Amino acid sequence: MLDVGLIRRDPERVRLSAKRRGLDPAFVDEVLRLDEEYRSALTAAESAQAEKNRLSAEIGKAADKAAAARELRPKLDELSGRIEELEQRVRELSPAERGSPLHELLAQAHNILDDSVPEGNDASKNVVVRSWGEPPKLSFEPLPHWELGERLGILDFARAAKLSGSRFSILLGPGARLARALAQFFLDRAQSKGYIEVNPPVLVSRDTMWSTGQLSKFADAMFRDDDADLFLIPTAEVPLTAMHGGEILSADTLPRKYAAFTPCFRKEAGAAGKDTRGIIRLHQFEKVELVWLSAPESSADALETLTRDAEELLRDLEIPYRTVALCAGDVGFNAAKTYDLELWVPSSQSYREISSCSNCTDFQARRASIRLRRDAKAKPELVHTLNGSGLPIGRTLLAILENFQQADGSVKIPAVLQPYMRAERISAG
RNA sequence: GGAGAGGUGGCAGAGUGGUCGAAUGCACUCGCUUGGAAAGCGAGCAGACGUGAAAGCGUCUCGGGAGUUCGAAUCUCCCCCUCUCCGCCA
């Protein structure tokens, strides 16, 4: 959510950010108009209430309360009526009132882009900031991971479809073990870098979902239970970020770094026909998510560190990847700046997204009310929130299968995983 | 699912209709005291919004919402959460 105060102080900055994203900046003028209306209604309502409070206090102070009440009655009744009307108007206009036009405009506005975000309307304008590793030169035609996985007997899509339909998978034997090894490896790494491991709920309330900016924009993309009004998380970013909602954290406890290994659930409604084969896009997948709560002045550095933390995992796994700064038109709703990590997929001879590392600045913190206090006297300020996967299990597993496949159809296990796997390769049979 | 108890400031804990955003204690901040510290003493110490250059002023908030009343932390209703006991269960 955007700060009305910012729109008031610097509307041009907000317009510019919207334009860079390719969005219509007209909402800014609408916000300014509604905000003006709201504040004048609020002032009127509050001064009427002040008058009424003054009269009520007089009754309280009077020696003969009943007599005083009788005397002031007509005036109080008249005030009460007026206050009711004014308050009705305030509610209709309030930015805090769900459903009010002002609230809707503010809630739907995208985060302000960081100045360093490259210009551009779509993914073609994303900028590669660095890359690591060479795509392996295979002496044979690489198999896509779904074929490889089925031949090795570690992936079974037919039976997954029998159980749950399309976009589900079953991992078997060494495949399931490899998934577990990855989770363990990622979590161990996170811990060594000072992340606190968290095992959070994967079902969260509507308020929680809203507070991290997943609603109402992405409501269609989520699985939910209507009776309980609970949502299955599309990413652990949601519980990890919202965990400190409504709290004021003391500055010396920042940054807070959390890592969680959880399943994630996505309907992928907008992706019909896309990546229908294999495990690249499933309704249910697992990942280790990294979340930072940081002081505002440190969040730019924090994004660099978070991104490097995720990159390092790929380097240790010896998977070629590149890091891409998303251009203005490609940065998501919540984020001010995003780096995507893309890894090499031999079967499609292309880089595919594996991790998105974002600085959401105060955008989620404002919705969730996550604040920090610098010292006893200081006013609370909003923290900045950051998130990135480090890393998703399925897509990493896919990359290992494809990049480490051998001419004989077996798959080598990256050295760092061998202790976790207690094996050096996966072979058929 | 059944029965009961309870939700007040960072924490503990008063407050059952009137000047209460809220006693007191602890914690915390600043000052005095001290060679330094502890203790002691004094002052301060919730958040949001509006207004203002600021000091300040105003409004709202005692789990959430609705109501009664001139006036609600206090009374009524609904909801949520926590705890205890019972049942069921991974």
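Lettering follows sequence order; numbering is per chain, from 1. The structure displayed is predicted, hence computed values, not measured ones.
Between the side chain of R371(A) and the backbone N or O of L249(A) there is no donor-acceptor pair closer than 3.5 Å. S17(A) contributes no side-chain N or O that, together with a main-chain N or O of R13(A), makes up a donor-acceptor pair within less than 3.5 Å. Listed for the Q405(A) side chain is a donor-acceptor partner under 3.5 Å among the backbone atoms of L143(A).
Looking at heavy-atom distances under 4.0 Å, N53(A) makes contact with sugar-phosphate atoms alone, never a base. Note on K75(A): nothing from the nucleic acid sits closer than 4.0 angstrom, heavy atoms only. If you check every strand for non-hydrogen atoms under 4.0 Å, L76(A) touches sugar and phosphate atoms only. Note on A50(A): only backbone sugar-phosphate atoms sit closer than 4.0 angstrom, heavy atoms only; bases stay farther off. Within the nucleic acid shown, R371(A) comes within 4.0 Å of sugar-phosphate atoms alone, with no base atom in reach, counting heavy atoms only.
Figure legend. A73(B) is base-paired to no nucleotide; pairs are counted as Watson-Crick or G-U wobble with both atom distances under 3.5 Å. With a cut-off of 3.5 Å on both pairing distances, U68(B) has no Watson-Crick or G-U wobble partner at all. Across every strand in view, G1(B) sits in a pair with C86(B) that passes the Watson-Crick or G-U test at under 3.5 angstrom. A23(B) makes up no base pair with any nucleotide shown, lacking Watson-Crick or G-U wobble contacts both under 3.5 Å. Remark: G35(B) base-pairs with no nucleotide in the shown strands. Criterion, Watson-Crick or G-U wobble with two distances under 3.5 Å. Look at U16(B): it lacks any Watson-Crick or wobble partner with both distances under 3.5 angstrom. Across all strands shown, G6(B) pairs with C81(B); the Watson-Crick or G-U wobble distances both stay below 3.5 Å. In a base pair of the Watson-Crick type (N1 to N3 plus N6-O4 or O6-N4) or a G-U wobble (N1-O2 and O6-N3), with each distance short of 3.5 Å, A46(B) is matched with U61(B).
To the nearest 0.5 Å, the span separating OG on S80(A) from NZ on K75(A) amounts to 13.0 Å.
In 5' to 3' order, the nucleotides of RNA chain B bounding all contacts with chain A (an atom under 4.0 Å from a heavy atom) are G18(B) to G71(B).
Comparing R8(A) and A69(A) against RNA chain B, the residue whose closest nucleotide sits nearer the 5' end is R8(A). Nearer to the 5' terminus of RNA chain B, by closest-nucleotide assignment, is the contact made by R373(A) (compared with the other of R373(A) and D35(A)).
A distance of about 11 Å separates the C1' atoms of G10(B) and C45(B), rounded to the whole Å. G71(B) and C83(B): their C1' atoms are spaced 35 Å apart (whole Å). One C1' atom belongs to A72(B), the other to C77(B), and the distance between them is 15 Å to the nearest Å. Rounded to whole Å, the C1' atom of C11(B) lies 27 Å from the corresponding atom of G4(B). The C1' atoms of A48(B) and G35(B) are separated by 48 Å, rounded to the nearest whole Å. Rounded to whole Å, the P atom of G64(B) lies 28 Å from the corresponding atom of G56(B). For the C1' atoms, the distance linking C70(B) with U82(B) amounts to 37 Å, nearest Å. Comparing the C1' positions of C89(B) and C78(B) gives a spacing of 30 Å, expressed to the nearest Å.
Using a cutoff of 4.0 Å between basic side-chain nitrogens and carboxylate oxygens, D29(A) and R15(A) are scored as salt-bridged. Here E318(A) does not pair with R315(A) in a salt bridge; the nearest charged N to carboxylate O distance is not below 4.0 Å.
For W292(A) and H244(A), the ring centers are positioned 6.0 Å apart or more. For an aromatic pair to be called close, the ring centres must be under 6.0 Å apart, and F265(A) with H283(A) fails this.
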